[in-house]
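Taking it in order: structure first as structure tokens, then the write-up.
Letters A, B, ... are given to chains in the order of the sequence lines, protein chains preceding strands, and every chain is numbered from 1.
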Amino acid sequence: MSEQQRKAFPFSEFEPKWQDEWEAKKAFHTPNPGDADFDATKPKYFVLDMFPYPSGAGLHVGHPEGYTATDIIGRFKKMSGFNVLHPMGWDAFGLPAEQYAIKTGQHPRITTEQNIEGFRGQLKRLGFAYDWDREVNTTDPGYFKWTQWIFLKLYNAYVNEEGKARPISELEAQGLSRAEIDSRRLAYISEAPVNWCPELGTVLANEEVVDGKSEVGGFAVERRPMRQWMLRITAFAQRLIDELDGLDWPESIRLLQRNWIGRSEGAHVTFKVVQSSGLPSEAAETAAPHSITVFTTRPDTLFGATYMVIAPEHSLVDQIAAPEQAAAIAAYRRVVGSKSDLERTELAKEKTGVFTGAYAINPVNNEQIPIWIADYVMMGYGTGAIMAVPAHDTRDFEFATKFDLPVKQVVQPPAGKDWQGYTDDGIAIHSGFLDGLPTAEAKKKIAAWLEEKGLGKGTTNFKLRDWLFSRQRYWGEPFPIVWEDGHHHGIPESELPLLPPTLEDFRPTGTPEPPLSKATDWVRYSDTATRELNTMPQWAGSCWYYLRYCDAQNSDRFVGIEAERYWMTGSLGDNQTIGQSDNQTIGQGDNQTVSLSPHLPVSLSSPPKPGGVDLYVGGTEHAVLHLLYARFWHKVLFDLGYVSTPEPFQRLVNQGLIMGEDGQKMSKSRGNVVNPDDVVKEYGADALRLYEMFMGPLEQVKPWSMKGVEGVYRFLARVWRLVMVQHEESGVWSLSPALQDVPANKQLTKALHETIKKCGEDIEKLSFNTAISQMMVCTNAFTGAEVKPASAIVTFLKVLSPFAPHLAEELNTRIASQFPDLAVKGFLSDTVWPTYDPAALIEDEVEVVFQVNGKLRDKVRVPIAASKEEIQALALASTRVQEFMEGKPAKKVIVVPGKLVNIVV
RNA sequence: GCCGCUGUGGUGAAAUGGUAAACACAGCAGACUUAAAAUCUGCUGGGAUAACAUCCCUUGUCGGUUCGAGUCCGACCAGCGGCACCA
């Protein structure tokens, strides 16, 4: 017996057939506004997957989870009358291709092409309804031309007083100096300490460093000062927090972003510095050559500041340190400097530090307090200096205890709590004019006092740092920047795309010198200018790919104006009024420019949503990387008038991780990795799709089960046998004689209409597992019927088609062979989602439950129309109910019509 | 340490404040078969009992609100995830 005949249904025959047919007939081609076949009367739906990095290992089962979910939504929306944009592409710049290239000597472009080929084939074999004409590849010069173009926009923009990105030309018009302008660009050069990973031979963004190790590879990362490109994401910190509010994102992801941005309110306070404590404070004040500004969230505890700490790296250290402490300071700095970030956090328990020999003057009471350096204060946050209030800060308390520094109570905690190390709110004491005030009021009063005296003012601080944007790699977008006389400037847009040089040896140099330095001809831009040698990080291409999908073939613009507006806002503009100039402001949150088409349903004219993509599905691992970066770029493009919405993604859903059968994370070393290709080979693409959705709620972490795959496979085979029977000897399948052109009976009709209703509702909620269980219930009902009503089954196939498109299409054409008028002509995917008849759902009789004191005692079937009084009478008449009432009178009777009666005695 | 999420059968899970465990997996029994596979049918939370009748218990623990709580509120416990010397 052949392999094929043993299959419960011949999926391996018809699945490739339908995939070829969809491709040949461009079944999922999506026209843009202006295209001949574009239907302006339909609303739009933009459903997006996080595009994959095409690794050599191919798809893992996690990919089809999110992709199937969006595919079901996309197919359902298309059947429900939407213009659906559902594209796919490749995030193909990055380390693995380059590392593979280094190992094998094969150019990363070749590896990348091969991997993409493999991924594309795998995705096609799963029957996803992508518009392949819109495929994007971040390593394609036609794509990264525009990544470079957007970089130039960032480079040539600054943030004005209102927090909006504006063209740098405005500053030029104001006559600012070159240095001043360069210091305000959104893409700028910085000399600050950065995360250098020697093993990878590149610097990394904060977001790419986890526990002091590189996120990729887990190699040690050290801090060292280097000249790097930064993007001024911090200028958008407040907006990145505030504008989360209008998005339909999981609260957990919004929290993750808020915490990462880390806003805290406090005050800057300036302390004067004296060299030694020998001078009387009067004289010290006049003699003070320096001052130090600290950031604190608790200015109300200023009276309790008994010492000060500045970061060891702080530039002021050398200027204020007493000569006799110089040796100790130098030694401490060496120790701290040699520590990697990992060591610095691992050894965090024990506080270390050195006295500088200098003192600061506490402005509220003129007390001289010693200034220390310690690595628990970091250069990168606030001002790199703190006032230490050991009585009311855990870290300061530890430090003061270790070095025997004074601890002075200034907050009275509630009764029963020790004031030492008490960090919560209380009442100010020993604090002069603040005494008696609760913490919140004390904060306000001291802030006003500081401001009045010119000693400080209220401030907001963010944990978020600017985005380190350059890498010392080969396989990335080259910067469209050249250097001349020590100055940088952007190359003309006409020179884009700037291709990387063809290099034989693209290995990292082992030093911070980027590999592009080896391409001596390429580096030389002119007699006097050389090219920037760094490349952009992997995240660059993914910051805007969703925009490119709107108009992937456009060679004149990163995205066409009309296409962007339609797919991001749903509105169709008037071509006549759209200019091409950079200053053109489409959007700006101004509704006037977003004119709605008169054809669109009224519901779409409700307040515009901030995000353009209707649904974005992907893993949670990008919560603070891609999702934050993309929002930042989008806001810059929005401010500059290039896009119509302030936010990129309106609704975000995170699919849960799929674990191995052993409940552990899938990994090669554990040997619990499931290869989707094997599953498709054995059970078919529809079974894989269906199983991934049936496992449990999309957002939940859940373990794989091959038995579970068999379960849904059996379900698909049952559906197949509703329509088909197999000849016992030959194994040939033919149309079942039980399939007839008869109306469905009442029971089947009800099952069918319940399924239409529940599946439609569940798809909108992304509750695919319950939708599938409802289809199973419906199939079981049909299986039990002797005669299978053909037209009811066709309706069922329409409901099934977004989930198991191959099987649904195949059975539809099989039915068409005998009942051409009952089956759908053409693709099921082009047909209209069925509507359910509410009347079909109503039964003549319902079961009503009788409870006594909330406990179930009896059940009775009553006509649906029975009145409250009738049901109550039936309940009181029930012998079972009377038994449990024990002759007592009913105190209260609750009747829920069609549901239950509860009698309280 | 701080923040967040999740706790329901042997397993994945379901349940607008209204019959807990739908649907599926695994298991058991039966039908078909020379046999197996496949398929179909039935049973399958725990306990009491001669009983398939019947009763009691059961959604991490303890308490509260309610005629009625897996669902709402409070406290706690456990697991997972994130952040972490951020002043």
Side-chain angles (χ1 to χ4, degrees), chain A residues 1 5-8 210-211 250-256 258-260 262-264 266 294-298 301 309 344-345 347-351 374-378 380-389 392-396 398-399 423 461-465 620-621 623-624 656-657 663 691 694-697 699-712 714-715 717-718 721 726 767 769-780 783-784 847-859 880 883 890-896 898-905:
Chain A
M1 207 181 248
Q5 281 164 318
R6 288 217 315 277
K7 304 251 194 248
V210 180
D211 292 336
E251 188 50 34
S252 58
I253 298 291
R254 296 200 291 188
L255 259 158
L256 239 43
R258 280 195 207 103
N259 290 345
W260 186 263
R263 181 194 154 98
S264 54
V294 302
F295 173 72
T296 176
T297 55
R298 293 295 299 273
T301 62
V309 184
R344 205 161 152 170
T345 43
L347 302 173
K349 291 155 217 156
E350 191 69 359
K351 294 275 182 292
D375 66 357
Y376 82 92
V377 170
M378 287 165 300
Y381 183 76
T383 61
I386 62 155
M387 63 176 210
V389 184
H392 307 294
D393 180 279
T394 318
R395 297 146 303 183
D396 296 345
E398 278 173 27
F399 192 84
T423 57
N461 235 308
F462 296 94
K463 276 199 268 184
L464 185 71
R465 315 289 164 82
T620 183
E621 68 273 17
V624 290
L657 205 62
Y691 174 65
F694 187 60
M695 289 173 84
E699 290 169 271
Q700 204 157 90
V701 177
K702 44 211 177 265
W704 185 268
S705 156
M706 262 328 169
K707 289 287 185 188
V709 182
E710 280 179 39
V712 294
R714 280 202 283 266
F715 160 67
R718 269 204 304 282
R721 289 196 309 269
Q726 189 167 30
S767 298
N769 55 331
T770 50
I772 292 165
S773 78
Q774 178 60 40
M775 288 190 283
M776 288 173 169
V777 170
C778 187
T779 302
N780 292 345
T783 301
E847 193 176 60
V848 172
V849 173
F850 298 155
Q851 295 178 333
V852 178
N853 288 337
K855 291 207 173 188
L856 175 68
R857 295 306 179 191
D858 203 1
K859 300 175 191 179
R880 300 259 313 128
E883 203 178 301
K891 272 193 219 149
K892 195 170 178 182
V893 181
I894 290 106
V895 183
V896 183
K899 277 265 180 208
L900 61 76
V901 179
N902 189 13
I903 297 160
V904 187
V905 293

>> Less than 4.0 angstrom between a side-chain N/O of A:N769 and OP1 or OP2 of B:A14, yes or no?
In response: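 So the side chain of A:N769 is within the cut-off, an N or O lying under 4.0 Å from OP1 or OP2 of B:A14.
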>> Does A:R254 reach a base, just sugar-phosphate, or nothing at all? Heavy atoms under 4.0 Å.
In response: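 Nothing, no nucleic acid heavy atom in range.
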> Which part of the nucleic acid does A:V777 contact within heavy-atom distance under 4.0 Å: base, sugar-phosphate only, or nothing?
Replying inline: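 The residue A:V777 makes sugar-phosphate contact but no base contact.
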>> Work out how far the P atom of B:A48 is from that of B:C52, and round it to whole angstrom.
In response: 13 Å
> Rounding to the closest angstrom, what is the interatomic distance between B:A21 and B:C57 at atom C1'?
Replying inline: 15 Å
Between [options], which one does the side chain of [X] approach most closely?
X      : options             : answer
A:K707 : B:A24, B:C56, B:C25 : B:C25
A:F694 : B:A24, B:A13, B:G18 : B:A24
A:I386 : B:C67, B:A87, B:G18 : B:A87
A:N902 : B:C85, B:G18, B:U19 : B:G18

>> Once hydrogens and angles are ignored, does a donor-acceptor distance under 3.5 Å link the base of B:U6 to the side chain of A:Q700?
In response: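 By the distance-only test, no, there is no pair.
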Distance, rounded to the nearest Å, where [X] contributes [atom1] and [N] contributes [atom2]:
X      : N     : atom1 : atom2 : answer
A:N259 : B:G4  : CG    : P     : 9 Å
A:K463 : B:A84 : NZ    : C1'   : 7 Å
A:Q774 : B:A15 : CD    : C1'   : 14 Å

> Considering Watson-Crick and G-U wobble pairs with both distances under 3.5 Å, what does B:U41 pair with?
Replying inline: B:A29
